[in-house]
Every structure is written in structure tokens, then in C-alpha cells.
Amino acid sequence: MREVDLTTFAAAHADGATVIDVREPVEYLGGHVPGARCVPLGHLAASLPQVPHEGTVYVICAGGNRSQVGAEVLERAGITARSVAGGTSAWIRSGRPVTEGSRP
């Protein structure tokens, strides 16, 4: 599993990359990367059939710790995954757009 910096992630996101937010729903509802799908870390293994197996999946959390674990779960399943360094907190601090209140 590799970690990507925010600039690399932002470019991939702009190109339509798959983003999985492994935070809990209440965290996700408070603000998330537009288009990110909420799959709490504890449910990720059970959700593998719904995760695209082509291309790279970017995994994000609040600060980067849970996303590293989530990316490892995906990698073990044969999915190319990258953890986003700094997570949603870094995304927000950088002034990038955030979606709030949409259902996970």
C-alpha cells in the first residue's frame, strides 16, 4: 500500500477517481470530499464486491490513519489502493470543495 500526497490525490479526484471515505457516517455527514463514498472501515471487507477492481481506489479518512488500514484491506483483495496523506482534514485546510450533509 502506498500513500499519496494531497496534490496527487486532488489531480486524480479531478479526473474522476474512485474515492472511499472510511470514516463513520456522522463524520462523513459533517463534510467530505465531493463524490466520496462512505464505507466505514469496519464494513469495508464486507463491501469489497461493490468496490471497483479496475483502476486505483483512493481511501480517505480524517487524518490518514484509518485510510492506511483501509487501503491495506483493499490491496489484500487485489484492488490497487492508495491512502490519502492528511485525509479530509488536509483537504479542507487546503480550501478544496467539501460536500456536507448528504447521505452516506
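As the structure is a prediction and not an experimental result, all values here were calculated from the model. The analysis underlying the following values was restricted to heavy atoms, covering all of them including side chains, and did not include hydrogens, waters or symmetry mates.
Of the charged side-chain nitrogens involved, none lies within less than 4.0 Å of a carboxylate oxygen, so that E24 and R66 do not count as a salt-bridged pair.
A 4.5 Å side-chain heavy-atom check between V84 and V59 finds every atom pair outside the cut-off. Inter-residue side-chain proximity for L74 and V51 is flagged as met; some heavy-atom pair is nearer than 4.5 Å. Looking at heavy atoms from C-beta onward, Y58 lies in side-chain contact with V4 at the 4.5 angstrom threshold. In this structure the side chain of E100 reaches within 4.5 angstrom of the side chain of V98, judged on heavy atoms. Taking 4.5 Å as the limit, some side-chain heavy atom of V57 sits within range of a side-chain heavy atom of I20. No side-chain heavy atom of I79 sits less than 4.5 Å from a side-chain heavy atom of E54. Two residues are said to be in side-chain contact when any heavy atoms from C-beta on lie closer than 4.5 Å; D21 and V39 fail this criterion.
Between P97 and P34, the shortest heavy-atom contact is O-CD, 3.2 Å. Nearest heavy-atom pair, R23 versus A62, reported as atom, atom and distance to 0.1 Å: CD-N, 3.3 Å. Annotation for A46 and P49: closest pair O-CD, 3.7 Å, computed over non-hydrogen atoms. The minimum heavy-atom distance linking P52 with T18 is given by the pair CG-OG1, 3.8 Å. Shown here for A90 and A85, the closest heavy-atom pair between the two residues is CB-O, 4.3 Å.
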CA sep, side-chain torsions, deciding dist, call: Y28, T88, side chain to side chain contact (heavy atoms under 4.5 Å, CB included) = CA-CA 9 Å; Y28 177 87; T88 304; over 6 Å; no
Check the pair H32, W91 against ring pair (Phe, Tyr, Trp, His ring centres under 6.0 Å), reporting the backbone distance first and the verdict last.
-> CA-CA 9 Å; H32 57 273; W91 178 268; over 10 Å; no
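Taken to the nearest 0.5 Å, the OG1 atom of T56 stands 8.0 Å off from the CZ atom of R2. Interatomic distance, H13 NE2 to L6 CG, rounded to the nearest 0.5 Å: 11.0 Å.
Tested against S83 for a side chain to side chain contact (heavy atoms under 4.5 Å, CB included), the candidates E75, Q68, E72 yield a single pass: Q68.
Grouping the Ile, Leu, Val, Met, Phe, Trp and Tyr side chains by contacts below 4.5 angstrom, directly or via other members, places L41 with L48.
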